[in-house]
Amino acid sequence: MAEPHVVTEIEGPIARVWLNRPDKLNGITFDVLDGLMEAADRIEADPNVRVVLLEGRGPSFCAGLDFGSVMGDKKRVTRYFLPNPFKGTNRFQEPLWAWRRLSVPVIAVTRGHVFGGGIQLALAADFRFTSPYCQWSILEAKWGLVPDMSGTVALSELVGADLAKRLVMTGEIFSGEKAAEYGLASGVAEDPLKPALELVDQILARSPDSVAASKRLLNETRRAQPRRAFSLERKLQRAMFKSPNTAIARKAGMAKTEPEFGPRTFG
């Protein structure tokens, strides 16, 4: 039986998700897209999961779309290109944007190549840690294309307009160090998993409900009018007042002890 193209392992509050085509630099296929959606759905449905580590097996995170595999099935490409009228995404976009929709924070750990659809997947995560010599590129320009797997939204949030245009128009290949300098990577280290795990520990020390609410608040208010932002702040804070994990956090804070949170109730 063939190995799945996406592997998910849940260990207590941590979900680890790997792209699993190391011999193909984790190039994106239809099976990868479907596997990413299934992994996101599984994690969203599990209230005990509080953080996700998203990685690639082997030497690379993801070298982008596997054109040979995907473009060989034109009918399926057409089906996947049609948008879902309720979500506003098609089946090339949603498997990546699903990580943005996810209630829990997602941390991408990148090595080797972060090209094309791979960089768009990394940008769908909330945080990105990379190795200094990792190669990044919005590579669609090389093939006369534009990025179309949801990455332009996160890109425009993270960098200025001129840099975003340059990276998209030229397909410039840049290092992990440059990715951090540009603001695309959250941090850079020889072993990027190390700072990622340090952040995991920090996240697990906080209420899973307030973490989930904070992700939603910051995602939805980034471009919102102040009136809309203030309304959402009030709505989410009311939900936090009712959360059992808020009571646990308050009690532990008063007693100066480590909180022991229950399952996530918000999301």
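Each residue takes its place number in the sequence, starting with 1. This structure is a prediction, so every number in the text was calculated from the model and none was measured.
For Lys87, the salt bridge (charged side-chain N to carboxylate O under 4.0 Å, His left out) partners are Glu94, not counting sequence neighbours. With sequence neighbours left out, the salt bridge (charged side-chain N to carboxylate O under 4.0 Å, His left out) criterion links Glu220 to Arg216, Arg228.
Under the 3.5 Å distance criterion, the side-chain polar atoms of Ser60 are left unmatched by any main-chain donor or acceptor of Leu25. Distance alone, capped at 3.5 Å, is enough to place a donor-acceptor pair between the Arg50 side chain and the Arg206 backbone. In this structure a side-chain-to-backbone donor-acceptor pair under 3.5 Å is present from Lys215 to Leu102. Listed for the Asn245 side chain is no donor-acceptor partner under 3.5 Å among the backbone atoms of Ser210. Under the 3.5 Å distance criterion, the side-chain polar atoms of Ser186 are left unmatched by any main-chain donor or acceptor of Phe129. Not one N or O on the side chain of Thr152 forms a donor-acceptor pair closer than 3.5 Å with the backbone of Asp148.
Hydrophobic cluster membership is shared by Val70 and Leu145, with clusters built from Ile, Leu, Val, Met, Phe, Trp and Tyr side chains linked at under 4.5 angstrom. The hydrophobic clustering, which links ILVMFWY residues whose side-chain heavy atoms are closer than 4.5 Å, places Val7 and Ile43 apart. Side-chain heavy atoms closer than 4.5 Å link hydrophobic residues (I, L, V, M, F, W, Y) into clusters, and following such links, even through other members, never connects Val17 to Met37. Leu33 and Trp18 fall into different hydrophobic clusters, where Ile, Leu, Val, Met, Phe, Trp and Tyr side chains are chained together by heavy-atom contacts under 4.5 Å. Criterion: ILVMFWY side-chain heavy atoms under 4.5 Å apart, direct or through other members. Under it, Phe261 and Val104 are not part of a common hydrophobic cluster.
The distance from the CG atom of Leu155 to the CD1 atom of Ile138 is 4.5 Å, given to the nearest 0.5 Å. Between atom CG of residue Leu236 and atom OG of residue Ser243 there is a gap of 12.0 Å, rounded to the nearest 0.5 Å. Rounding to the nearest 0.5 Å places OG of Ser137 at 7.0 Å from CZ of Phe174. Rounded to the nearest 0.5 angstrom, Ser150 OG and Leu96 CG are separated by 5.0 Å. One distance of note links CZ of Arg100 with CD of Gln93; it measures 13.5 Å at 0.5 Å rounding. With rounding to the nearest 0.5 angstrom, the NZ atom of Lys142 is 8.0 Å from the CZ atom of Phe115.
When all heavy atoms of Phe61 and Gly118 are compared, the pair lying nearest together is CE2-O, 3.4 Å. Considering every non-hydrogen atom in both Ala15 and Ile10, the closest pair reads CB-CG1, 4.1 Å. Between Asp126 and Pro105, the shortest heavy-atom contact is OD2-CA, 3.2 Å. Of all the heavy atoms in Thr246 and Met240, the pair that sits closest is OG1-O, 2.6 Å. Heavy atoms only, all atoms of each residue included: Cys134 and Thr130 are closest at CB-OG1, 3.2 Å. The minimum heavy-atom distance between Val106 and Trp99, with the atom names listed, is CG2-O, 3.8 Å.
For the side-chain hydrogen bond (donor to acceptor under 3.5 Å, both in side chains) with His5, the lone residue among Asn20, Asn26, Thr29 that qualifies is Thr29.
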Quiz prompt | side-chain contact (heavy atoms from CB on, under 4.5 Å) evaluation trace for Ile248 with Glu260 | solution = CA-CA 7 Å; Ile248 292 169; Glu260 295 185 10; 5.5 Å; no

Quiz prompt | Worked verdict on Leu121 versus Leu54 for side-chain contact (heavy atoms from CB on, under 4.5 Å) | solution = CA-CA 9 Å; Leu121 177 58; Leu54 180 60; 3.9 Å; yes

Quiz item: So Ile14 and Val51, side-chain contact (heavy atoms from CB on, under 4.5 Å) or not? Walk me through it.
Solution: CA-CA 5 Å; Ile14 303 170; Val51 66; 3.9 Å; yes

Self-check item: Candidate pair Ser103 and Glu44, rule side-chain hydrogen bond (donor to acceptor under 3.5 Å, both in side chains), full reasoning
Solution: CA-CA 7 Å; Ser103 297; Glu44 184 67 24; 2.6 Å; yes

Self-check item: Check against side-chain contact (heavy atoms from CB on, under 4.5 Å), Leu19 and Val6
Solution: CA-CA 5 Å; Leu19 302 184; Val6 177; 4.2 Å; yes

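For the pair Asp34 and Arg91, the minimum side-chain heavy-atom distance is below 4.5 Å. The closest side-chain heavy-atom distance from Arg101 to Thr89 is below 4.5 Å. The closest side-chain heavy-atom distance from Met149 to Ile28 is below 4.5 Å. In this structure, Arg128 and Leu158 have side chains that are in contact, with non-hydrogen atoms separated by less than 4.5 Å. A heavy-atom distance below 4.5 Å is found between the side chains of Leu167 and Leu184. Looking only at side-chain heavy atoms (C-beta outward), Arg223 and Ser156 come within less than 4.5 Å of each other. Side-chain contact between Trp136 and Tyr182 is absent, with no heavy-atom pair separated by less than 4.5 Å.
A salt bridge is defined here as a Lys NZ or Arg NE, NH1 or NH2 lying under 4.0 Å from an Asp or Glu carboxylate O, and Asp31 with Arg21 fails to meet this definition. Salt bridge present: Glu172 and Arg166 bring a charged side-chain N and a carboxylate O closer than 4.0 Å.
Other residues, nucleotides and ligands contribute at most 12 non-hydrogen atoms within 6.0 Å of the CZ atom of Phe81. Within a 6.0 Å sphere centred on CZ of Arg57, other residues, nucleotides and ligands contribute more than 12 heavy atoms.
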Would you give me the side-chain donor-acceptor pairs under 3.5 Å for residues 188-205, sequence neighbours excluded?
{"from": "Asp191", "atom 1": "OD1", "to": "Arg111", "atom 2": "NH2", "distance (Å)": "3.3"}
{"from": "Asp191", "atom 1": "OD1", "to": "Leu193", "atom 2": "N", "distance (Å)": "3.1"}

